[in-house]
Amino acid sequence: MISIKNLVKIFKSASDSVRAVDGVTLDIGEREFFVLLGLSGSGKTTLLRCVAGLEKPDGGEIAIGNTLVSSAERKFFIGPEGRGLGMVFQSYAVWPHMSVFQNVAFPLINGPYRMSRAEVKKKVMTALDMVQLAGLADRPAPFLSGGQQQRVALARALAVEPKVLLMDEPLSNLDARLREEVRDEIKNLSNKFGIAVLYVTHDQVEAMALADRVAVMSKGKVLQCAPPRELYDAPSSREVCEFLGATNLLDGFVSNGGQVDTDLGQLACAISDGNLRNVSVAIRPEELQMAAAPTGLENEFAAEVLSSTFLGELTVCDVKVNGRILRFKTTQSAAPARQVYIRLPADKLKLFAR
Ligand SMILES: Nc1ncnc2c1ncn2[C@@H]1O[C@H](COP(=O)(O)OP(=O)(O)O)[C@@H](O)[C@H]1O
Ligand SMILES: [Mg+2]
């Protein structure tokens, strides 16, 4: 539905130039919920604005549906009004001097659509219904909570019945509880509509909860693009691994026979790449195993529990193994003993070249 080829966007100033988007190629499916995930400054917003037609790329092409909307090489560019997209941004951008109804009606009345009053009314009320705000149509926009304002922005984007919805950190101004509620609503609506969504966030939990596929961005480039589970279980680099959640990392080097020498001691690992020498070994806190007595299985070490924090559904412990501190997470709530055995199951260890 959205096809991006070799996209480049450079910002030049007197002193330097930034390749905000640096050769990105992505294909987003017709009904796909696609998330761009990355730290602040990684180029997510710029990429989204290029798709929207709010930035003119310096290289590459963008097509929406089967229509080419931008080609730097062919000097071809269609502006935002001609792209038929819905957009929701971080700030609600709800107009304060208008009612909820007028806010949602605005793009229908002022866009290229030329609709009758009755048609506008029908589309606005349908959109408000979808975000459960039909009862508040006449309320002045400032008299809404943050979550309600963001839903108005969502209704306004959906009212034009776009084939593609672009969203840039739409939840970041909401408090934690509302954020989850509106997040679930966005997911439900996108399922119901079967539209393509291109969604930007720096929050990996949000990305995992929403996405069919995630592209992890850094310095204008896509590091890896995959469904959330695959990114989490099989990150292609240490950077992606660390970005997707807490990780224990150990430096080591591969010795013969499938062993890696680390600060902890020798670890048995499944080594798929025969060229690996200097490596980082990664294991997630919930993948460690803890036992009160030795089990005799591989990669097990005596450990001292330094701290144990009960968080309700989870207990998080810091344990010291041969001078190294590892983070351990478990759903068992009983406090562990001070002396325990920690195991790093060989099949859970991820190896990255260092
Ligand atoms: N209008 C602009 N002028 C100059 N530099 C910009 C502009 N917009 C973004 N940048 C730079 O481009 C890079 C990517 O920014 P951005 O796309 O906003 O990242 P993100 O949304 O991932 O935080 C940053 O280094 C930023 O400073
Ligand atoms: Mg941004």
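Both ligands and their constituent atoms are indexed starting at 1 by order of listing.
- For atom 27 (O) of ligand 1, no protein heavy-atom neighbour is present inside the 4.0 Å cut-off.
- Side-chain atoms of Tyr341 and Gln289 include no donor-acceptor pair closer than 3.5 Å.
- Of the protein's non-hydrogen atoms, the one nearest atom 22 (O) of ligand 1 is Lys44 NZ, 2.8 Å.
- Protein heavy atoms are found less than 4.0 angstrom from atom 7 (C) of ligand 1.
- Of all the atoms in ligand 1, the ones that sit under 4.0 Å from a non-hydrogen atom of Ser42 are 19 (O), 20 (P), 22 (O).
- Look at Glu185 and Lys192 and you find no salt bridge, because none of the NZ, NE, NH1 or NH2 atoms lies under 4.0 Å from a carboxylate O.
- Phe11 CE1, 3.4 Å is the protein heavy atom nearest to atom 9 (C) of ligand 1.
- Taking every non-hydrogen atom of Ser40 and a distance limit under 4.0 Å, the qualifying atoms of ligand 1 come out as 23 (O).
- Selection from Ser218, Gly43, Cys50, Gly220 by nearest heavy atom to atom 19 (O) of ligand 1 gives Gly43.
- Scanning the protein heavy atoms around atom 25 (O) of ligand 1, the nearest turns out to be Val18 CG1, 3.7 Å.
- Among all non-hydrogen protein atoms, the one lying nearest atom 24 (C) of ligand 1 is Gly41 O, 3.9 Å.
- Using a 4.5 Å cut-off on side-chain heavy atoms (C-beta onward), Ser218 and Phe243 make no contact.
- Taking the ring centre of Phe77 as origin, the terminal cationic atom of Lys75 falls outside the region bounded by 6.0 Å and 45° from the ring axis.
- Residue Thr247 is tested with Glu242, Arg327, Glu287, Arg284 for a side chain to side chain donor-acceptor pair (under 3.5 Å); the sole match is Arg284.
- Taking every heavy atom of Ala20 and a limit of under 4.0 angstrom, the matching atoms of ligand 1 come to 12 (O), 13 (C), 14 (C).
- Partner of Met167 under the side chain to side chain contact (heavy atoms under 4.5 Å, CB included) criterion, chosen from Leu48, Leu154, Leu210: Leu154.
- Using a 4.5 Å heavy-atom cutoff, the side chains of Leu244 and Leu37 are in contact.
- Gln224 and Ser236 are linked by a side-chain donor-acceptor pair at a separation below 3.5 angstrom, with hydrogens and angles left out of the test.
- By the 6.0 Å and 45° rule, Arg213 does not stack over the aromatic ring of Phe33.
- Set against the non-hydrogen atoms of Leu39, the atoms of ligand 1 under 4.0 Å away are 22 (O).
- Inspection of the environment of the Mg ion (ligand 2) yields the following protein N, O or S atoms under 2.8 Å: Thr45 OG1.
- Atom 15 (O) of ligand 1 has as its closest protein heavy atom Thr46 OG1, 3.8 Å.
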I'd like a table of donor-acceptor pairs (distance under 3.5 Å, sequence neighbours excluded) in which one partner is a side-chain atom from residues 299-306, with atom names and distances.
| from | atom 1 | to | atom 2 | distance (Å) |
| --- | --- | --- | --- | --- |
| Asn299 | OD1 | Ala268 | N | 2.7 |
| Asn299 | ND2 | Ala268 | O | 2.8 |
| Asn299 | ND2 | Leu344 | O | 3.0 |
| Glu300 | OE1 | Thr295 | N | 2.8 |
| Glu300 | OE1 | Thr295 | OG1 | 3.2 |
| Glu300 | OE1 | Gly296 | N | 3.4 |
| Glu300 | OE2 | Thr295 | OG1 | 3.0 |
| Glu304 | OE2 | Arg338 | NH2 | 2.7 |

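- When hydrogens are left out, the protein atom nearest atom 18 (O) of ligand 1 is Thr45 CB, 3.8 Å; that is the closest non-hydrogen contact.
- In this structure, a donor-acceptor pair under 3.5 Å is present between the side chains of Thr45 and Asp168.
- Linking ILVMFWY residues whenever their side-chain heavy atoms come closer than 4.5 Å, directly or via other members, leaves Leu349 and Leu231 in distinct clusters.
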